[in-house]
Number of protein chains: 2
Amino acid sequence: MTISEIAKLANVSIGTVDRVLHKRGRVAPETVEKIMTIVNDYGYQANTFARNLKLSKNFHIGVLIPMLHSEFGYWNLIYEGILKAAKELSPLAVSIDMVEFDRSKPENFMNTAEKLLIKKPDAILLAPVLPDAAREFLAKYNEMDYAFIDSPLPDMFPVSTVVQNPFRGGYLAGRMMNLLSPQEGTYITVQTHKAAYNSSERARGFKTFFSNKKGYRNIELEVQLTDGGIELLENAYREYSDIKGIFVVNDAVHRIANIIALLGRKNQTVLIGYDLIDQNRKAMLCGQVDCLLSQRPDFQGYTAIYQLYRKGILNQMPDPTICVPIDIILPENLEDERSTIIPQEALCIPRNK
Amino acid sequence: MTISEIAKLANVSIGTVDRVLHKRGRVAPETVEKIMTIVNDYGYQANTFARNLKLSKNFHIGVLIPMLHSEFGYWNLIYEGILKAAKELSPLAVSIDMVEFDRSKPENFMNTAEKLLIKKPDAILLAPVLPDAAREFLAKYNEMDYAFIDSPLPDMFPVSTVVQNPFRGGYLAGRMMNLLSPQEGTYITVQTHKAAYNSSERARGFKTFFSNKKGYRNIELEVQLTDGGIELLENAYREYSDIKGIFVVNDAVHRIANIIALLGRKNQTVLIGYDLIDQNRKAMLCGQVDCLLSQRPDFQGYTAIYQLYRKGILNQMPDPTICVPIDIILPENLEDERSTIIPQEALCIPRNK
DNA sequence: TAAGGTTGCGTTTACGTTAACGCATTAGTG
DNA sequence: CACTAATGCGTTAACGTAAACGCAACCTTA
């Protein structure tokens, strides 16, 4: 079914059909009805190729995420997924542009974010780790499509939100801790950004798992990544002689693992952390980390870009929220958990090369 | 960069450029070189929209998988992923057609498979659970693009193979078993299709995990789904009084779980199985199953369709093998493991319907 | 009633690619 | 030397959509 077939059936020209389909007015009501009846009966759908050819639309996505090196590779994994999607979608006129912001300086967010707008994106992919700043920014450019990644921002209307449930992640960490170290004792939760939604929810989940278990104590520590936190942990071991396990709520677990190894406490302490960044993979391979949970950051980035593309180019209804499963990684399945999404090459065939 | 821009730069017509790009001959060698230099220097890439509009290619994928109801829902999950991809890709001129075959009757495979060819597919998605039959079929239609799902077929040249490593899955099941039930004793592996590659590899992986552990005995049982296998298991419990756990290598675990419950042996037996089909989810919710591994069948189906589409429509180089991570599902993360891929709605906007 | 505006519709061009067609010029053959 | 064949190239018509443009016919208002 094409526009000209409809035109023929309705005894009008394609211009008239087009005006009806795009509600550009200047068509007699009876004609509108006649055309709409045909359109509905035959189930017309615009040809995506023709449509995009004519519009020579190029769909530009602005990506706004924390500085890639501000943490230990988590944001890099997200960015890799984003890049992979962008490569695949480049022949479909999708392009991206990234700006990194400093999550420790909310006051700079707006300035940084506005750099993104210079390139006039058609949509924005945003990690709302600074909720207030993100809200302010989106309110200012409220006509723009946007998607969230890493964490949600309630009461907003994104095209899509790609996240993982951090509470259940923490709860599952509790369960894994209990499997890996069934004994009673003290279990420590380590956070680095206490304000971060994901971090605090994971800590809460972990705590909840142990809350109805007698004999299990849960202590929360906040370690500053700058000073390394050696003394803090040393003190903890001094204060609580029965420390059996540590759950680090983010990708910094390899740092804590190092400290535990330095303190010579690894053999009494089970370590569980988050995210399969390189350092954590290595830490697991050399036995410093026992279990990792993963929120599949590459998949999150990849998926979020695809959602925006589907809305922008294909005119499809995206999935409003995509909840990423929680991966459990043990040394036994570590090697299978290499990135699913960023393998070999996804470039165009050099057709005529 | 478009063809006409190249033509202008080379002082030739677009027809000549097209002949060079498509190697249709009848162009002077110097002209070819001149044009190719420009193409390479400027990095020309054909506009996908224009290309597909002109070709009005519609890319039809034939899907050839075992009967959806021959097992307990695993193939249905795969099919759901396939359908989701097909829906998303329908505006890009991708369509699919499925034919189910009876994996217990290899001799019928060729007949069934040829039904698929009536619709003249441009590519085939195939689960090579009957290796010899699949080889024979593909040899006969050797010009066709194809992808494998569920299991590989060595020495073939598919567009892509989307699978999971079954040995490591079995090995990981061993590790989980050891966590959930650390005691020494007898651990049983249950298979239903002994010939199936995935099944036997998983059994081997499980056995390997326990092979260097003193005090742990591994027994293999083959249960026929038809007779239910009650006696077989009853006998096993009689023969080995120290049965501590059972690993079912496929989605039939809920059936075995039922039997164990009937025999009143659940409290002494840890049950680990495969795949998050509905019955297994229910069995886990009511405590009959302790742990499930998942090969993300929906993701496999979805991904494989996308690989074929990328090759066929976008002219991209697909990822030759995609190895799906092994999911570990415990009651604690069961709810997060609802299908990532088949959520809400991914339909086209009822544009004009 | 003439000038100007509005309404309803058809026509046309353009997007970039593909491939058929056509037309010269040259090469090969009897 | 005429006659066909091959070579090298330009021209053109699609593919389906979008939107500018143009043109009647009718309606206002001075």
Side-chain angles (χ1 to χ4, degrees), chain A residues 1-36 38-39 42-59 90-94 122 312-315 348-353, chain B residues 1-36 38-39 42-59 90-93 312-315 348-349 351-352:
Chain A
M1 188 99 260
T2 70
I3 273 194
S4 67
E5 287 178 285
I6 295 172
K8 218 169 283 169
L9 284 169
N11 274 318
V12 294
S13 74
I14 59 161
T16 306
V17 177
D18 183 65
R19 251 167 277 134
V20 171
L21 289 177
H22 295 84
K23 299 185 179 150
R24 286 194 277 121
R26 301 187 52 151
V27 185
E30 319 89 69
T31 314
V32 172
E33 202 186 346
K34 187 165 57 174
I35 292 175
M36 286 314 291
I38 297 172
V39 163
Y42 290 78
Y44 168 78
Q45 277 190 223
N47 179 312
T48 306
F49 296 123
R51 173 171 222 275
N52 285 283
L53 173 60
K54 179 62 185 90
L55 295 176
S56 37
K57 199 195 266 183
N58 87 325
F59 191 68
S90 72
L92 299 175
V94 174
D122 305 288
I313 300 271
L314 299 183
N315 262 314
C348 298
I349 286 184
R351 282 269 274 344
N352 316 304
K353 228 180 164 176
Chain B
M1 187 97 264
T2 71
I3 272 194
S4 68
E5 287 178 284
I6 295 173
K8 219 169 283 171
L9 284 170
N11 273 318
V12 294
S13 74
I14 59 161
T16 306
V17 177
D18 183 65
R19 253 168 276 133
V20 171
L21 291 176
H22 294 84
K23 299 185 180 153
R24 288 195 276 120
R26 301 185 52 153
V27 185
E30 318 88 72
T31 314
V32 172
E33 203 187 344
K34 187 166 56 174
I35 292 175
M36 286 315 291
I38 296 172
V39 164
Y42 289 77
Y44 167 79
Q45 277 187 225
N47 179 312
T48 307
F49 296 124
R51 171 171 224 274
N52 286 281
L53 173 61
K54 178 62 185 95
L55 295 177
S56 39
K57 202 195 264 184
N58 88 324
F59 191 68
S90 73
L92 299 175
I313 300 269
L314 300 184
N315 263 314
C348 299
I349 284 184
R351 274 258 209 40
N352 312 302

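We name chains A, B, ... by the order of the sequence lines, and we start the count at 1 in each one. The figures here come from the full heavy-atom set of this structure, side chains too, leaving out hydrogens, waters and symmetry mates. What you are looking at is a predicted structure, and each value in this text was computed from that prediction instead of being measured.
At a threshold of 4.0 angstrom between heavy atoms, the contacts of B:Asp18 include nucleobase atoms, whether or not backbone atoms are also involved. Counting non-hydrogen atoms under 4.0 angstrom, A:Ile3 reaches the backbone sugars and phosphates but no base. A:Leu55 comes within 4.0 angstrom of the backbone, heavy atoms only, and of no base. Among the protein residues, B:Ser56 comes within range of no part of the nucleic acid, since none of its heavy atoms lies under 4.0 Å from any strand.
If you take CG of B:Asn52 and C1' of C:dC15, they are 15 Å apart, rounded to a whole angstrom. Going from atom CZ of A:Arg19 over to atom C1' of C:dC9 covers 6 Å, rounded to whole Å. Between the NE2 atom of B:His22 and the P atom of C:dG16 there is a distance of 16 Å, rounded to whole Å. Going from atom CZ of B:Arg26 over to atom P of C:dC23 covers 14 Å, rounded to whole Å.
A side-chain contact (heavy atoms from CB on, under 4.5 Å) with B:Val20 is found for exactly one of B:Val12, B:Ile3, B:Val32, namely B:Val32.
Listed by chain and number, the residues in a side chain to side chain donor-acceptor pair (under 3.5 Å) with B:Asp18 are B:His22, B:Arg24 (sequence neighbours excluded). In this structure A:Arg26 satisfies the side chain to side chain donor-acceptor pair (under 3.5 Å) test with no other residue, sequence neighbours excluded. Residues passing the side chain to side chain contact (heavy atoms under 4.5 Å, CB included) test with A:Ile38 are A:Ile6, A:Leu9, A:Ala10, A:Tyr42, sequence neighbours excluded. For A:Ser13, the side chain to side chain contact (heavy atoms under 4.5 Å, CB included) partners two or more places apart in sequence, or in a different chain, are A:Thr16.
Among residues at least two apart or in separate chains, there is no salt bridge (charged side-chain N to carboxylate O under 4.0 Å, His left out) pair with a member in residues 4-15 of chain A.
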Return all side-chain donor-acceptor pairs below 3.5 angstrom for residues 52-59 of chain B, not counting sequence neighbours, or 'none' if the list is empty.
residue: B:Asn52; atom: ND2; partner: B:Thr48; partner atom: O; Å: 2.8
residue: B:Lys57; atom: NZ; partner: B:Gly312; partner atom: O; Å: 3.1

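A heavy atom closer than 4.0 Å to some atom of DNA chain D occurs in B:Asn11, B:Val12, B:Ser13, B:Ile14, B:Gly15, B:Thr16, these being the qualifying members of residues 6-16 of chain B.
In this structure, the helix from C:dT1-D:dA30 to C:dG30-D:dC1 shows an angle of 50° between the axis at its start and the axis at its end, each fitted on 5 base pairs and rounded to 10°.
Where DNA chain D meets chain A (any atom under 4.0 Å from a heavy atom), the bounding nucleotides read 5' to 3' are D:dG16 to D:dA19.
Between A:Tyr44 and A:Leu21, the closest heavy-atom pair is CE2-CD1, 3.6 Å.
B:Leu92 CG to B:Leu314 CG: the interatomic distance, rounded to the nearest 0.5 Å, is 7.5 Å.
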